[in-house]
Every structure is written in structure tokens, then in C-alpha cells.
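What follows is a set of notes on a single structure, which appears directly below.
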Amino acid sequence: MTSHPLAHIRGFIFDLDGTLVTSKLDFVYLRTQLSCPASIDILQFIAGLPNKEQVSANKIVEDYELNDAHDALWIEGAEQLIRALHHKGLPTAIVTRNSQPATELKLKHHSTLFSPILTRHDAPPKPDPSALLTIAQNWQLPPSQLAYVGDYVYDLEAAKNAGMLACLFAPTALPDFAHQADWVFSHFSEFEMAVSAG
């Protein structure tokens with residue numbers, strides 16, 4: 001019998017929005033507010049603006065993120081999974097493209113469950129693997145023994161770029177990029193069962 005993809009994993013890094021907590025961010029709306037073309041990543045678009053326009057654009061994004069953070073809730077089963085990982089002595093961290101203030105607000109009293117928590121202010125945003133590789137170094141674990149868990153193509157690309165297991169959370173229909181994932185799950189109870197069996 002083939003072992004589960006998570007069987008050899010010794011540490012788990014998670015995306016935040018849409019993976020651990022709910023998010024109502026509408027990126028089509030945000031692109032309209034910023035006059036950002038659909039073909040360009042929003043953060044790349046802002047980075048290419050003149051300094052004065054960058055400041056204004058970043059404020060629009062951060063205000064929008066903070067507004068969303070006030071309504072964020074844990075996705076069903078996510079907190080239970082994180083506590084199960086801790087019980088097994090497996091480290092957990094967060095790498096998010098979100099801002100630091102919005103991230104802190106979304107995690108509220110749960111920030112101690114993750115170490116470290118890296119936002120786009122701490123490292124180049126995904127799919128750049130820098131943040132993931134920094135955590136591997138901090139944990140003194142090879143990237144091949146770590147998993148990155150997210151809900152979007154950038155998460156899978158970041159995991160692949162870092163040499164980590166790419167896990168996709170797809171609670172509804174499978175997205176067209178699902179084939180890039182090493183493991184796909186639709187509910188955190190599946191994840192917890194896989195970890196418990198390991």
C-alpha cells in the first residue's frame with residue numbers, strides 16, 4: 001500500500017485567507033480601484049508604480065484588507081487541525097500575501113499557534129519561495145520534509161519553487177490548477193485523519 005503524501009512531513013506552513021480563515025476579498029473590485037490590468041499580479045503592478053502612486057495604492061489595498069479582516073472566521077475544522085498538529089509535536093507557520101495589520105487582526109488570539117508568521121512585509125510575496133525557505137532554515141528541516149497548504153495557484157507554485165509538498169484546499173469545485181498539487185483535500189477533517197494515521 002502506498003503511504004499517504006503527508007506521512008513523511010515534519011512541519012506544516014499555511015496560507016491564511018481562504019485556507020485557514022474566511023475572506024471576502026474581491027480582487028476584480030480591487031483591480032478596478034487600482035486600474036490594474038487583469039493580466040498583471042496586483043502586488044507586482046503596485047511595485048511598478050512611481051513612489052507617490054505606490055503609497056496611495058498600498059493604502060487602498062491595506063484599508064480593504066483590514067476591512068475584510070474584521071469579519072474573518074476560522075474555516076470549519078482548521079483550528080482543530082492546527083491543535084492536532086501541535087499535539088503531535090509538528091511545527092506550524094503562516095506565509096501570506098496579506099498585510100501585517102490585517103494578518104494580526106485575522107489571527108487575533110491565535111497567533112501563538114504559529115511560528116513564524118510571515119506577511120508580504122517580511123519577504124517577497126508568493127510564488128517567490130523565499131519565505132518558505134526561511135522557515136525551513138529556522139526549523140532546521142529540509143524543504144522536502146515540509147508541506148505548504150493553500151487554496152490558490154500561487155500557493156502551489158511557491159511550494160514547488162521551494163521543493164515542498166504542495167497541498168491544495170479545495171472546499172468546492174476543483175480549480176483548473178488543481179493538477180499542480182501533490183495532494184488535494186476538501187475538508188480539514190480529511191487532513192486531520194491523514195495526520196492522525198501517520
Side-chain angles (χ1 to χ4, degrees), residues 4-6 9 11-30 42 61-62 64-88 90-120 122 125-127 131-132 135 146-159 162 164-198:
H4 194 280
L6 300 186
I9 298 300
F12 293 87
I13 308 170
F14 292 86
D15 171 48
L16 185 59
D17 288 356
T19 300
L20 293 179
V21 300
T22 59
S23 174
K24 296 175 184 172
L25 293 175
D26 181 344
F27 292 104
V28 174
Y29 165 80
L30 195 53
I42 290 173
V61 173
E62 289 184 15
Y64 187 53
E65 288 173 335
L66 274 174
N67 188 50
D68 176 64
H70 284 285
D71 300 322
L73 299 169
W74 278 87
I75 288 171
E76 186 181 354
E79 184 181 359
Q80 186 174 328
L81 168 72
I82 299 302
R83 295 192 182 279
L85 294 175
H86 278 236
H87 185 69
K88 288 182 70 75
L90 297 167
T92 56
I94 284 177
V95 170
T96 174
R97 284 167 59 100
N98 217 325
S99 69
Q100 192 171 345
T103 298
E104 288 174 359
L105 186 56
K106 287 193 173 192
L107 289 172
K108 292 176 185 166
H109 308 299
H110 297 91
S111 59
T112 55
L113 293 174
F114 306 95
S115 181
I117 298 168
L118 300 181
T119 70
R120 66 170 180 266
D122 303 305
K126 300 170 291 183
L132 301 184
I135 292 170
L146 301 180
Y148 185 57
V149 185
D151 68 319
Y152 190 57
V153 65
Y154 288 161
D155 303 317
L156 304 181
E157 290 172 352
M164 297 182 182
L165 190 78
C167 301
L168 175 66
F169 176 50
T172 53
L174 281 181
D176 57 9
F177 52 81
H179 65 280
Q180 295 184 49
D182 297 309
W183 183 57
V184 182
F185 68 102
S186 62
H187 193 281
F188 279 97
S189 58
E190 296 172 58
F191 202 135
E192 190 175 355
M193 281 175 63
V195 170
S196 298

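What you see is a predicted model, and the numbers here were worked out from it, not measured in a lab.
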Are Tyr148 and Lys126 close enough, and set up right, to give a side chain to side chain donor-acceptor pair (under 3.5 Å), and what steps lead you there? CA-CA 11 Å; Tyr148 185 57; Lys126 300 170 291 183; 2.8 Å; yes

Could you walk me through whether Phe191 and Phe12 pass the ring pair (Phe, Tyr, Trp, His ring centres under 6.0 Å) check? CA-CA 11 Å; Phe191 202 135; Phe12 293 87; 5.5 Å; yes

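When the salt bridge (charged side-chain N to carboxylate O under 4.0 Å, His left out) test is applied to Glu190, no partner is found at least two apart in sequence or on another chain. The side-chain hydrogen bond (donor to acceptor under 3.5 Å, both in side chains) test applied to Asp182 returns Lys160, not counting sequence neighbours. Remark: Trp74 engages His110 in a ring-ring contact (aromatic ring centres under 6.0 Å, His included) (not counting sequence neighbours). Take Asp122 and apply the salt bridge (charged side-chain N to carboxylate O under 4.0 Å, His left out) test, not counting sequence neighbours, and it matches no residue. Residues passing the ring-ring contact (aromatic ring centres under 6.0 Å, His included) test with Phe14, sequence neighbours excluded: none. With sequence neighbours excluded, no residue forms a ring-ring contact (aromatic ring centres under 6.0 Å, His included) with Phe114. Qualifying side-chain hydrogen bond (donor to acceptor under 3.5 Å, both in side chains) partners for Glu62, counting only residues two or more places apart in sequence or in other chains: none. For Ser189, the side-chain hydrogen bond (donor to acceptor under 3.5 Å, both in side chains) criterion is met by His187, not counting sequence neighbours. Residues forming a side-chain contact (heavy atoms from CB on, under 4.5 Å) with Leu66 (at least two apart in sequence, or on another chain): Pro101, Ala102, Leu105. By the salt bridge (charged side-chain N to carboxylate O under 4.0 Å, His left out) test, Glu192 pairs with no residue at all, sequence neighbours left out.
Between Phe185 and Trp183, the two ring planes are parallel [angle under 30°; tilted spans 30° to 60°].
Under the 3.5 Å distance criterion, the side-chain polar atoms of Ser23 are left unmatched by any main-chain donor or acceptor of Gly18.
Here side-chain hydrogen bond (donor to acceptor under 3.5 Å, both in side chains) pairs that include residues 90-99, with residues two or more places apart or in two chains, are Asp17-Asn98, Asp41-Arg97, Glu65-Ser99, His86-Thr92.
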With a cut-off of 3.5 Å and sequence neighbours excluded, list every side-chain donor-acceptor pair involving residues 170-179.
from	atom 1	to	atom 2	distance (Å)
His179	ND1	Asp176	O	3.2

